[in-house]
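Just so you know, these numbers use all the heavy atoms, side chains as well, and skip hydrogens, waters and symmetry mates.
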Amino acid sequence: MELAPLDYIIIAAFFLLSLAVGLKFRKQAGKDISSFFLGGRNLPWYIAGISMVATTFAADTPLAVTELVAQNGIAGNWLWWNMLAGGMLTTFFFAKYWRRAEVLTDIEFIEMRYSGKPASFLRGFRALYFGVFMNVLIIGWVNVALMSLLQVFFDIPENQLLWYVAGAMVIVVIYSAMSGLLGVAFTDVIQFVIAMTGSIILAFLVLNSDRIGGMDSLKANLPAGTLDFFPHVGSQGNGSMLALGLGSFLAFIGFQWWASWYPGAEPGGGGYIAQRMMSTKTEKDAVYSTLFFQIAHYCIRPWPWIIVALCAMLLYPELSPADSKLGYVMAMKEFLPTGLKGLLLVAFFAAYMSTISTQLNWGTSYLINDFYKRFINPEAQQKQFVQASRLGTLLLMLIALFVTSLIGTISGVWAFIIECGAGLGLVMILRWYWWRINAWSEIVATVAPFIAYGLAKFVFVRFDEAWGKGIGEDPRSFFFTIAFTTVAWIIATYTTKPTDESHLRKFYDKIRPDGNWAPFRESVNGSRLLKLGICWLSAIVMAYSALFLTGSFIFKAWNEGLMYTAVFVVSLLVLRFAAGKVHIFSDRSE
């Protein structure tokens, strides 16, 4: 597809703006590695929150939502909507703790919480495992998605796609290596605004095109059950496109959000989400930023994509289920006029760059702070660490490009990560609230899921093929992995020595955590935990009601919209009342 000169001007202006932001923050980022990786711990909550949302908006996200909707209706989005509970848990139980810890990375937290050689080993291993191995897989995944989009949109030959992606990555590396997290966060804000604006414009144009004819016509022509917000649980049919077995429903709603490690949705916070919390000005900013992230991520952002996805079902019925995600790109090609084509292409580049810049900055923080500084050259000067950080960013880019060249497609990665982290999440939560958790607990909880996954997929599957299916089809391997991992880390906890008492005392005095810290506090402080639990539950209800009231009004379901609005108001009032009792939205430290 050919672009007009105006489209190219818009694209060039966007790239120049990104580079200008990098130049603006270059000096501030070069002061020390705290400035490079945490922006000097001075980000306001709204910048940190928008940066979180932008990072989780990759080039493939609208395409993934389009595929879910085409195959399962709106209810298909529960495959990721279910993670809201874990995100709200981070907001109310962990955000203040992460800011209070004053560590540079969540990996550094390991040696703050645990002691001895097991803690050192765990920190070094995780720095390389997450900073390099998992990180380049995620970047490669995002690169492959962008390559698919460029191929469909521009008919670029397959052997040239990697060069286009490399060019985009070079621009990302230039501004992220120059400006550190400050540049990444502020470009995230710009990129998010552009990406959402483009998505909303596309949804409006496609919905009101002659081929669709507006919302009433769209609703009249969609298959029954497509617009249902909830899956039908128990059996196929009954008017709902997405039908889940009871076990699968329980796996998604009751277990996945707390049991599994997943990038951007780590139980207890972690990764680049923890990085943003630690970069905020105050503990209150950390709470507000994560609350904003949950609301924007789950309640606001999906609807423009869902509208285009629903329209694509009518516009391109010839697409197979495997190719249904391409309906979004085909709608872009067909309905965007000159200028807006360039704008939406910029929106996709913006979504891509916000994700890649964060992955590079976050991964490099592990390499430099938790491996190079901790084990290789701890006596280096701050400027040396900053130089190493900039070189590390470039190195990660080169490794990621190499991995991208080896990937044709990534299928099942989501399920693999979910299952191979099943059971680890509980340790990541309890390490803040139970003094007896030690480094061996976390080591065993990291390794055990791989053993359980291997047994389920390669041994048990020989006796029953259901063990080889995904969570959505048959969750027994997922439940087995959680049970196996939980038993393994509990045994490890009680058969190994506790963390050194003086080390735990320093941790407790700094963080002042709730929960079972019997050696240092007589009571569990159950009253405060109960009030935080009320905050958490009311915030979940508030967010889901905001999601569904928005959808109801979009689809002109006025009665349902008013019902969800009433639920939203009540849950908001409950949240405000309970939050006031524990001062979660204040600077008061408790």
Would you please indicate if the ring centroids of F109 and W98 are separated by under 6.0 Å? yes
State, yes or no, whether a side-chain contact exists between I511 and M112 at a heavy-atom distance under 4.5 Å. yes
Under 30°, 30 to 60°, or over 60°: which ring-plane class applies to F585 and Y288, parallel, tilted or perpendicular? parallel
Salt bridge (Lys or Arg N to Asp or Glu O under 4.0 Å) assessment of E102 paired with K510: CA-CA 10 Å; E102 295 184 316; K510 185 171 183 63; 2.9 Å; yes
Looking at side-chain heavy atoms only, is the closest gap between V574 and S571 below 4.5 Å? no
Is the distance from the ring center of W257 to that of W80 below 6.0 Å? no
Test side chain to side chain donor-acceptor pair (under 3.5 Å) on N438 and T499 and set out the steps. CA-CA 6 Å; N438 61 23; T499 299; 5.8 Å; no
Polar contact flag, side-chain donor to acceptor under 3.5 angstrom, R276-S51: yes
Side chain of R99, backbone of K281: donor and acceptor closer than 3.5 Å? yes
Find out whether Q191 and V184 are in side-chain contact, i.e. whether some heavy atom of one side chain is under 4.5 Å from a heavy atom of the other. no
Under 4.5 Å between any side-chain heavy atoms of S324 and T66, yes or no? no
Donor-acceptor check, side chain of R126 to backbone of I110, threshold 3.5 angstrom: yes or no? no
Would you call R123 and E111 a salt bridge, taking side-chain N to carboxylate O under 4.0 Å as the test? yes
If we ignore hydrogens and angles and just use 3.5 Å, is the side chain of E560 paired with the main-chain N or O of S552 as donor and acceptor? no
Compute the centroid of each ring, for W536 and then for W258, and state whether the two points are separated by less than 6.0 Å. no
Within a strict 4.5 Å, meaning less than it, do heavy atoms of the P302 and V65 side chains meet? no
Does the pair E442 and Y114 meet the rule for a side chain to side chain donor-acceptor pair (under 3.5 Å), with working shown? CA-CA 10 Å; E442 200 162 325; Y114 310 127; 2.6 Å; yes
Without hydrogens or angle criteria, can the side chains of T280 and S289 be said to hold a donor-acceptor pair below 3.5 Å? no
Are the aromatic ring centres of W81 and F230 under 6.0 angstrom apart? no
OG of S477 to OH of Y453: how many Å apart, nearest 0.5 Å? 7.5 Å
Evaluate the side-chain proximity of I554 to I306: yes if any heavy-atom separation is below 4.5 Å, no if none is. no
State yes or no: are the ring centers of W517 and F507 separated by less than 6.0 Å? yes
Just by distance, no angles: are the side chains of S357 and S176 close enough, under 3.5 Å, to form a donor-acceptor pair? no
State whether the side chain of T358 and the backbone N or O of T355 hold a donor-acceptor pair below 3.5 Å, judged by distance alone. no
Quick one about T61 and R301 (side-chain donor to acceptor, distance below 3.5 Å, no hydrogens or angles considered), yes or no? no
To the closest 0.5 Å, what do you measure between OH (Y366) and CE (M134)? 11.0 Å
Do W305 and S199 make a side-chain contact, defined as non-hydrogen atoms from C-beta onward lying under 4.5 Å apart? yes
Name the orientation class of the two ring planes belonging to F548 and F229 (parallel below 30°, tilted from 30 to 60°, perpendicular beyond 60°). parallel
Give me the ring orientation class for F480 and F484: parallel if the planes are under 30° apart, tilted from 30 to 60°, perpendicular past 60°. tilted
Can you check whether G423's main-chain N or O pairs, donor with acceptor, with T485's side chain at less than 3.5 Å? no
With a 3.5 Å distance limit and no angle check, can you tell me whether R521 reaches the backbone of P513 through a side-chain donor-acceptor pair? yes
Validation row: T226, I74 side chains within 4.5 angstrom (heavy atoms): no
Let's go through D285 and T282 carefully: what are the C-alpha distance in whole Å and the side-chain angles of both, what is the deciding distance for side chain to side chain donor-acceptor pair (under 3.5 Å) to 0.1 Å, and is it a yes or a no? CA-CA 5 Å; D285 284 285; T282 65; 2.6 Å; yes
Tell me if the aromatic rings of F57 and Y352 count as close, with their centers under 6.0 Å from one another. no
Do you see a donor-acceptor pair shorter than 3.5 Å between the side chains of Q275 and D106? no
